[in-house]
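What follows is a short report on a single structure.
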Amino acid sequence: MTAIHFRVIIKSISLFLIVIAGFMLACIPVSMLYGALAVNALVKSFAITISFGLLGWFVAGPFEKENLGRRESFIIVTLTWVIIAVFGSLPYLFSGSIHTFTDAFFETMSGFTTTGASILTDIEAVPRSILFWRSLTHWIGGMGIVVFSIAFLPFFGIGGMQLFAAEVPGPTKDKIHPRITQTAKRLWLIYFTLTVAQIIFLLFGHMNLFEATCHSFATVSSGGFSTRNLSIGAFSPYVQYITVFFMIMAGVNFTMHYLVQHGRFREVFHNEELRLYLGVIAVAVAVLTFALYRLDYASLEKTFRHVLFQVVSIVTCTGFGTADYMRWPSFAWFMIFLLMFAGGCAGSTSGGIKMIRHVLLFKNAYLEFRSIIHPSAYVPLRYNQKPVSNNIRINVLAIFFLYLATFALGSLLMGAAGLDKISAMGSVASCMGGIGPGLGSTGPSLNYAEVSVAGKWILSALMLIGRLELLTVYVLFMKKFWKN
């Protein structure tokens with residue numbers, strides 16, 4: 001292996017900081033529009049972030065125009081999320097909205113990783129410009145700041161394919177254009193279109209422009225930060241149904257959106273991951289609606305709406321709420337807990353294990369049973385009628401094992417950090433899956449404010465590990481990774 005190109009790493013991370021500073025700058029007009037309560041905080045945050053970004057850019061100096069290597073890509077992707085979470089904490093601290101760095105880092109990491117776990121106990125008391133920044137961190141992180149930036153990296157002599165491979169979730173990286181920069185731009189165009197469409201639909205539901213924008217940022221990114229203490233439960237049934245629709249759209253592989261735009265409906269209808277994704281939602285909604293009707297709610301429509309919203313919110317890893325599922329019977333919230341391990345589709349903004357991995361795991365198990373009955377028969381593992389390589393098969397099994405092992409270790413650590421077993425398991429499953437609300441003391445009617453300092457750092461690490469799908473982070477701890 002060749003030596004690690006640290007100049008490329010510094011240059012790339014510096015560019016990401018400059019981009020983040022630009023988004024901070026965009027929050028200043030919002031602050032001025034709503035009373036200028038946090039203008040100074042945003043100006044100082046922008047000045048510090050842009051200064052470090054420009055300093056790193058010029059300190060790195062020139063280098064040969066070459067594509068990033070695999071090692072550089074893993075380092076950049078992991079460090080970028082950590083560093084932008086550090087600088088993204090500044091608006092909270094300077095505005096006084098959050099008083100400790102631990103809490104500010106937790107909130108920011110939760111934002112950029114689109115987890116939606118919060119320590120804020122009175123969201124409506126926070127200045128609107130800070131709430132806008134809070135929602136904007138979701139929108140930036142939803143498609144990925146790295147994917148956004150690689151569309152522009154070639155202009156600075158930095159190729160982006162390796163970054164795309166390290167950042168895009170799921171075992172497959174669907175390229176909708178031969179050139180990686182065009183792929184990134186088209187993904188962001190779909191992302192932007194969904195965001196604008198939801199804003200328009202929410203405005204028809206009598207939401208004001210500010211709240212429509214913030215909730216659209218949080219929905220399309222599968223984030224879950226709201227501007228209200230009651231989350232989406234503070235709004236009308238129309239708004240709740242519109243939010244459900246766009247949560248489902250955000251949880252679909254963005255390649256499917258591209259195929260629909262080009263009239264390739266047959267490929268969409270026969271996509272096995274999409275079928276499982278919609279099937280899991282449909283079955284869970286049907287079971288819970290049947291079980292909860294006349295138990296908690298007076299009308300069938302209200303029961304269906306609350307169940308539909310919570311199931312979609314959990315499966316897509318968005319984390320919005322209209323009801324406290326911890327008040328449901330124990331089997332119902334246990335079912336919600338199991339859904340935390342489902343995840344949306346690969347290539348979407350959702351977190352979790354991802355539906356494509358469940359498809360491949362089920363098929364792999366079926367083939368193992370079949371091989372017992374017919375040991376001499378060779379039947380390849382197929383996905384969408386195409387054979388799956390052994391590398392992907394091994395990757396899926398490795399991710400699944402590491403996910404469960406990390407969940408078990410994280411639950412033990414959170415138990416040691418002071419949470420009861422239900423809350424510990426719920427918080428770890430939620431933060432790893434990028435969901436937001438957990439179980440018990442971290443459930444939808446409460447939040448993470450009372451979690452210990454150690455617990456918040458553990459959960460912040462789990463957010464990052466889950467967002468980057470484990471291997472991207474874990475590979476950095478291998479001794480051979482750093483050897484030339």
Side-chain angles (χ1 to χ4, degrees), residues 1 68-78 81 113 144 146-147 160-176 180 183 187 251-256 271-277 317 340-371 378-410 429 432-434 462-481:
M1 282 190 287
L68 297 171
R70 290 177 61 84
R71 293 192 297 169
E72 287 86 356
S73 299
F74 287 128
I75 295 170
I76 290 170
V77 169
T78 303
W81 290 101
T113 58
V146 176
V147 175
M161 185 57 214
Q162 294 296 337
L163 271 180
F164 182 77
E167 163 62 15
V168 174
T172 60
K173 287 83 183 175
D174 295 301
K175 291 177 64 178
I176 57 181
I180 186 62
T183 296
L187 287 173
V252 172
N253 189 324
F254 274 39
T255 305
M256 298 297 103
N271 184 271
E272 295 177 357
E273 182 186 36
L274 182 60
R275 286 181 173 183
L276 180 63
Y277 169 67
C317 306
M340 291 181 180
F341 294 89
C345 298
S348 72
T349 59
S350 297
I353 294 176
K354 298 292 191 305
M355 288 295 175
I356 188 174
R357 292 197 177 96
H358 292 296
V359 171
L360 295 177
L361 284 168
F362 292 146
K363 287 195 168 192
N364 188 69
Y366 170 75
L367 290 179
E368 288 300 318
F369 282 117
R370 186 169 176 174
S371 67
Y378 171 72
V379 182
L381 180 64
R382 292 180 177 274
Y383 172 72
N384 289 336
Q385 306 302 316
K386 297 178 181 178
V388 176
S389 71
N390 199 45
N391 287 339
I392 291 179
R393 184 175 179 175
I394 293 172
N395 176 274
V396 169
L397 293 172
I399 288 287
F400 189 74
F401 168 76
L402 285 174
Y403 199 98
L404 295 183
T406 303
F407 164 74
L409 178 60
M432 280 190 68
L462 291 173
M463 291 178 203
L464 178 66
I465 292 169
R467 176 64 178 84
L468 298 182
E469 307 223 331
L470 294 96
L471 294 180
T472 303
V473 178
Y474 285 160
V475 72
L476 300 183
F477 295 92
M478 294 184 63
K479 187 176 180 180
K480 290 184 178 180
F481 178 86

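The shown structure was predicted, so the numbers you read here are calculated from the model rather than taken from an experiment.
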Do the non-hydrogen side-chain atoms of [X] and [Y] ever get within less than 4.5 Å of each other?
X	Y	answer
Y383	N271	yes
F401	T406	no
L187	T255	no
I465	Y474	yes
F74	V473	no
N395	L471	yes

Between [atom1] on residue [X] and [atom2] on residue [Y], distance to nearest 0.5 Å:
X	Y	atom1	atom2	value
N384	R275	CG	CZ	9.0 Å
W81	I76	CH2	CD1	14.0 Å
L468	T113	CG	OG1	9.0 Å
I394	I399	CD1	CD1	13.0 Å
N390	L381	CG	CG	9.5 Å
L404	L409	CG	CG	12.5 Å

Tell me whether [X] contacts the main-chain N or O of [Y] through its side chain, where contact means a donor paired with an acceptor under 3.5 Å.
X	Y	result
H358	E273	no
N253	C345	no
K363	R382	yes
E272	V359	no

Item to complete: Mind running side-chain contact (heavy atoms from CB on, under 4.5 Å) on L470 and F400 for me, showing each step along the way?
Response: CA-CA 10 Å; L470 294 96; F400 189 74; over 6 Å; no

What are the two closest heavy atoms between [X] and [Y], and how far apart are they?
X	Y	result
M355	G343	CE-O, 3.3 Å
S350	G251	OG-CA, 3.3 Å
F341	I353	O-CD1, 3.4 Å
G352	Y403	CA-OH, 3.9 Å

Pair E368 + R393: basic N to acidic O under 4.0 Å:
yes

message: Any salt bridge linking R357 with E469? Criterion: basic side-chain nitrogen under 4.0 Å from a carboxylate oxygen.
response: yes

Report task. Would you please test S389 and N391 for side chain to side chain donor-acceptor pair (under 3.5 Å) and show each step? Result -> CA-CA 5 Å; S389 71; N391 287 339; 5.1 Å; no

